[in-house]
Each structure stands twice: as C-alpha cells, then as structure tokens.
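Remember, it's a predicted structure, so these values are computed and weren't measured experimentally.
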Amino acid sequence: MTRRALVIDDSKSIRVMVVYTLQKAGFEVLESDNGADALRQLDKTMVDLVITDLNMPVMDGITFIRELRARPAAKTVPALLLTTDPLGTQKEDAREAGATGWVVKPFRPDQLLSVVNRLVPQP
C-alpha cells in the first residue's frame, strides 16, 4: 500500500524539495500552490498526510486546516504546518484549527521524514 501525501505551498522551490523528499520515502505526492485548490483535489483523492504552508494567497494554511477538519473523511488525516516563524506565534491558532504538528522552514529532509514517519508509518 502506497502512502499518499498532499503538499501545499505557494513557493515552488519549497514544494519541489518537500515533494522530492516524500517521493524518495515512497510517497505518492499531490501538489498545490494554495489551500482552495488543495481542497478541490481532496474532493477527488483522499490522502494519508497533508503538509501545508502557513502563509499563502487565496487560502492560508490555518484556514485550509479548518476546512480540512470540517470534512468527515479528513478528520484524522495528519496535517503538518510549514512556517518561517521560529517563535511559533501562531501555534495555538494552528492547534485549535486541528494541525497535527509544526515544522519550521528551513528544515533538513531527514527532520521532515522523522516527523512524517511517526505520523504515517511505513507499511
């Protein structure tokens, strides 16, 4: 069984790095550059993990996670928030929205995979 992830970030370079890291770990990866488009993708395909940027145009990461959690099929899907905020000033908002965890950019691929593999164990 292949693990499937959705990566949402308006920065193409960050998306490429996260997608590459996840694909090397055996994930099938869907991509989006904003939360609204990502929700449309989830209408067609469910995933085992979501990794979303915090600050994006159209729909930010916290709003996306709220919308994700409003969907019965996605209530338990792990949702990681990517941010450049090392102080985590929006951590409480993210937690209240339903975020599973928080990863500060820049990050090392092995750090990201360590968190991902705890949330979505390899089959």
Within the side chain of [X], is there an N or O that forms a donor-acceptor pair under 3.5 Å with the backbone of [Y]?
{"X": "Gln41", "Y": "Glu31", "result": "yes"}
{"X": "Arg69", "Y": "Lys75", "result": "yes"}
{"X": "Arg4", "Y": "Phe27", "result": "no"}
{"X": "Asp60", "Y": "Met56", "result": "no"}
{"X": "Gln111", "Y": "Arg108", "result": "yes"}
{"X": "Arg3", "Y": "Val120", "result": "yes"}

Checklist entry - Run the side chain to side chain contact (heavy atoms under 4.5 Å, CB included) check on Val77 and Val50 step by step: do they pass? => result CA-CA 7 Å; Val77 172; Val50 172; 4.1 Å; yes

Answer yes or no: is there a side-chain heavy-atom contact under 4.5 Å between [X] and [Y]?
{"X": "Arg71", "Y": "Leu39", "answer": "yes"}
{"X": "Leu112", "Y": "Val18", "answer": "yes"}
{"X": "Leu119", "Y": "Thr100", "answer": "yes"}
{"X": "Val116", "Y": "Leu49", "answer": "yes"}
{"X": "Asp10", "Y": "Pro57", "answer": "yes"}
{"X": "Thr52", "Y": "Leu82", "answer": "no"}

State the [atom1]-[atom2] distance between [X] and [Y], to the nearest 0.5 angstrom.
{"X": "Leu54", "Y": "Lys105", "atom1": "CG", "atom2": "NZ", "answer": "8.5 Å"}
{"X": "Glu67", "Y": "Met59", "atom1": "CD", "atom2": "CE", "answer": "5.0 Å"}
{"X": "Phe107", "Y": "Leu80", "atom1": "CZ", "atom2": "CG", "answer": "10.0 Å"}
{"X": "Leu81", "Y": "Ile65", "atom1": "CG", "atom2": "CD1", "answer": "4.5 Å"}
{"X": "Leu30", "Y": "Lys44", "atom1": "CG", "atom2": "NZ", "answer": "10.5 Å"}
{"X": "Ile62", "Y": "Lys91", "atom1": "CD1", "atom2": "NZ", "answer": "12.5 Å"}

Checklist entry - What's the verdict on side chain to side chain contact (heavy atoms under 4.5 Å, CB included) for Leu42 and Leu68, showing C-alpha distance, side-chain angles and the deciding distance? => result CA-CA 9 Å; Leu42 290 173; Leu68 178 74; 3.5 Å; yes

Between [X] and [Y], is there shared hydrophobic-cluster membership here, with clusters defined by ILVMFWY side-chain heavy atoms closer than 4.5 Å?
{"X": "Leu6", "Y": "Met46", "answer": "yes"}
{"X": "Ile51", "Y": "Val29", "answer": "yes"}
{"X": "Val47", "Y": "Phe64", "answer": "yes"}
{"X": "Val19", "Y": "Val103", "answer": "yes"}
{"X": "Ile8", "Y": "Ile14", "answer": "no"}

Item to check | Heavy-atom pair with the smallest gap, counting every atom of Ala70 and Pro72 | outcome: O-CD, 3.5 Å

Next on the checklist: Tell me the closest heavy-atom pair linking Ala38 and Ser32, and the distance in Å.
Outcome noted: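 That would be N-OG, 3.3 Å.
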
Checklist entry - Does NZ belonging to Lys12 count more than 12 external heavy atoms closer than 6.0 Å? => result no

